Engineer: 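My questions all concern the structure below.
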Amino acid sequence: MTPHALAAIDFGISNTDAVSRVGDVLHRWSRSSAGPADIESVHTVLTASGTPIASFARVAVTGGRHRTLPDSLPYALPDRLVELPLIAVNELTAIGRGGQAVGLSPDDDPATPILVVSAGSGTAVVAARHRSYAHVTGSGVGGGTLLGLGRLLLDSTDARNIDALAQQGDANGADLSLRDVISGPIGSLPPDATAVNFGRLAHGARDASREDLAAALVTLVGQVIAITAINAARAERLERVVVIGHMTDMPSFRAVLDRVGAYYGMQLTLPAHGGFATALGALLHAAEANP
């Protein structure tokens, strides 16, 4: 049997995400990262796909320390040892190509320039102009920030738990709003927009609930990412912004990005399955480079 399936693995700090294409069907799966990329982790991730390793023609790898991996993964068939090619894909290319794949509709010109914001453990911002991808900016604020501060503020590093709490809370139970600071709106910002993140606590308030703290935490992280994206898009003169990464799995985070985008007149596209976009970008790039 000639191998025909393709797979790609994105080694992240928090999650290792993978996609495969078997015929016309795209599969996605994920596992918690257990350390730097190595040949054993590649084998473990592929085994979890449910597709026999012998079915894969090649595997794209990106993220983490993927460049330390060898050029192939050896595996045994009943009669011989086979080497499965591993194709290294630059992270910027994988992010940009993945953002295009999930952020542009079939009706869009595939050459439409967009800004791709990868909201993972940290945040990377990539300008994608057809098949040219360039790093624009980034931030250390991301999912890792959310979980690190979640441990300190909420005694939780469970993103789903933090998200559930945030959806029940009011960020202004911990933040100061414009209404609190200047008694009204400023520019396009409404009176309830954040003036000082966690500012109410700085001024002695001690009655913020866990729900309010979670809402303020998600608001802080989401605002930093949204403002970074909007400013970068305007600096690059790009009208389309696509946000990917597992932060977009959180409804509370998506709500913050929608709200900030509305404040500044720029819609931020939050596609479904955005957490797997970088792995998908690596798969597509490898497939296009090695048809």
Side-chain angles (χ1 to χ4, degrees), residues 6-10 12 15 17-30 60 62-63 87 89-120 123-138 142 222 225-251 253-262 264-291:
L6 301 175
I9 305 171
D10 172 27
N15 300 294
D17 300 307
V19 297
S20 67
R21 190 171 67 196
V22 183
D24 295 329
V25 180
L26 185 71
H27 301 275
R28 309 174 187 88
W29 68 102
S30 185
T62 192
I87 311 299
V89 179
N90 179 276
E91 292 95 327
L92 297 182
T93 298
I95 289 169
R97 184 67 185 88
Q100 291 171 325
V102 299
L104 294 175
S105 74
D107 295 330
D108 287 321
D109 182 341
T112 300
I114 62 174
L115 191 81
V116 184
V117 180
S118 177
T123 301
V125 180
V126 175
R129 295 179 171 92
H130 195 41
R131 294 296 181 260
S132 176
Y133 308 104
H135 182 257
V136 176
T137 187
I225 292 172
I227 292 296
T228 299
I230 291 167
N231 288 342
R234 289 179 173 164
E236 290 290 313
R237 298 182 180 179
L238 295 173
E239 296 181 0
R240 300 276 291 275
V241 178
V242 177
V243 184
I244 62 174
H246 279 295
M247 286 289 294
T248 64
D249 296 342
M250 301 173 59
F253 174 78
R254 296 170 72 94
V256 173
L257 265 61
D258 285 341
R259 187 160 57 247
V260 175
Y264 293 99
M266 178 171 286
Q267 181 179 0
L268 307 180
T269 300
L270 305 170
H273 308 298
F276 295 93
T278 299
L280 177 60
L283 184 147
L284 294 173
H285 176 78
E288 291 159 358
N290 302 274

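All values reported here derive from a predicted model rather than from experimental measurement.
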Engineer: Any luck finding a side-chain donor-acceptor pair between Ser30 and Asp17 under 3.5 Å?
Structural biologist: yes
Engineer: Could you tell me the separation between the CZ atom of Arg97 and the NE2 atom of His130, rounded to the nearest 0.5 Å?
Structural biologist: 9.0 Å
Engineer: Of the options Val116, Ile244, Val89, Leu283, which is the one that meets Thr278 in a side-chain contact (heavy atoms from CB on, under 4.5 Å)?
Structural biologist: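 Exactly one option meets the side-chain contact (heavy atoms from CB on, under 4.5 Å) with Thr278, and it is Ile244.
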Engineer: With sequence neighbours excluded, tell me which residues meet side chain to side chain donor-acceptor pair (under 3.5 Å) with Arg131.
Structural biologist: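 Residues passing side chain to side chain donor-acceptor pair (under 3.5 Å) with Arg131: Gln100.
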Engineer: Would you give the length of the straight line joining atom CG of Leu6 to atom CZ of Arg21, rounded to the nearest 0.5 angstrom?
Structural biologist: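 Leu6 atom CG to Arg21 atom CZ measures 5.0 Å (nearest 0.5 Å).
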Engineer: If you measure from CD1 on Ile95 to OG1 on Thr62, what distance do you get to the nearest 0.5 Å?
Structural biologist: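 Spacing of CD1 (Ile95) from OG1 (Thr62) equals 7.5 Å.
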Engineer: On a heavy-atom basis, which atom in Ala286 and which in Ala60 lie closest, and how many Å separate them?
Structural biologist: CB-CB, 3.8 Å
Engineer: Applying the side-chain contact (heavy atoms from CB on, under 4.5 Å) criterion to Val242, which one of Val126, Leu270, Thr248, Thr269 satisfies it?
Structural biologist: Thr269
Engineer: With respect to Ile114, which candidate in Val241, Asp108, Leu104 satisfies the side-chain contact (heavy atoms from CB on, under 4.5 Å) definition?
Structural biologist: Leu104
Engineer: Output all residues satisfying side chain to side chain donor-acceptor pair (under 3.5 Å) with Glu236, sequence neighbours left out; order by chain, then residue number.
Structural biologist: Arg129
Engineer: Is any side-chain heavy atom of Pro113 less than 4.5 Å from a side-chain heavy atom of Glu239?
Structural biologist: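 No, too far: nothing below the 4.5 Å cut-off.
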Engineer: When you look at Val22 and His27, which way does the side chain to side chain contact (heavy atoms under 4.5 Å, CB included) test go after all the steps?
Structural biologist: CA-CA 8 Å; Val22 183; His27 301 275; 4.0 Å; yes
Engineer: Step by step, work out the side chain to side chain contact (heavy atoms under 4.5 Å, CB included) result for Val102 and Leu280.
Structural biologist: CA-CA 9 Å; Val102 299; Leu280 177 60; 3.9 Å; yes
Engineer: How close do Gly96 and Ala128 get, counting heavy atoms only, and between which atoms?
Structural biologist: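 That would be O-CB, 4.1 Å.
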Engineer: Which heavy atom in Ala229 sits nearest to a heavy atom in Leu115, and how many Å separate them?
Structural biologist: O-CD2, 3.4 Å
Engineer: I'd like to check Thr112 versus Arg240 (side-chain heavy atoms, cut-off strictly below 4.5 Å). Are they in contact?
Structural biologist: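 Of all side-chain heavy-atom pairs linking Arg240 with Thr112, at least one is under 4.5 Å.
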Engineer: Quick one: pull up CE in Met266 and CG in Leu238 and give me the separation to the nearest 0.5 Å.
Structural biologist: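 Between atom CE of Met266 and atom CG of Leu238 there are 8.5 Å.
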Engineer: So do Ile227 and Val260 actually touch side chain to side chain, heavy atoms under 4.5 Å?
Structural biologist: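 Answer yes - side chains close enough.
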Engineer: Does any non-hydrogen side-chain atom of Thr137 lie less than 4.5 Å from one of Thr228?
Structural biologist: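 In contact.
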Engineer: Mind checking whether Phe253 and Ile225 have side chains closer than 4.5 Å, heavy atoms only?
Structural biologist: yes
Engineer: Using every non-hydrogen atom in the two residues, find where Gly142 and Thr123 come nearest and quote the distance to one decimal.
Structural biologist: CA-OG1, 4.1 Å
Engineer: Please round to the nearest 0.5 Å and tell me the distance separating atom CE of Met247 and atom OG of Ser118.
Structural biologist: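 One finds 11.0 Å between CE of Met247 and OG of Ser118.
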Engineer: Considering non-hydrogen atoms only, spot the tightest contact between Trp29 and Phe276 and give its length.
Structural biologist: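 Trp29 and Phe276 have their closest heavy atoms at O-CE2, 3.1 Å.
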Engineer: Any non-hydrogen side-chain atom of Tyr133 less than 4.5 Å from a side-chain atom of Glu91?
Structural biologist: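 Tyr133 does not reach Glu91 side chain to side chain.
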Engineer: Determine, step by step, whether Ile230 and Leu268 satisfy the side chain to side chain contact (heavy atoms under 4.5 Å, CB included) criterion, reporting the C-alpha distance in whole Å, the side-chain angles of both residues, the deciding distance to 0.1 Å, and the verdict.
Structural biologist: CA-CA 8 Å; Ile230 291 167; Leu268 307 180; 4.2 Å; yes
Engineer: For His285, check side chain to side chain donor-acceptor pair (under 3.5 Å) against everything at least two apart and list the hits.
Structural biologist: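 His285: no side chain to side chain donor-acceptor pair (under 3.5 Å) contacts found.
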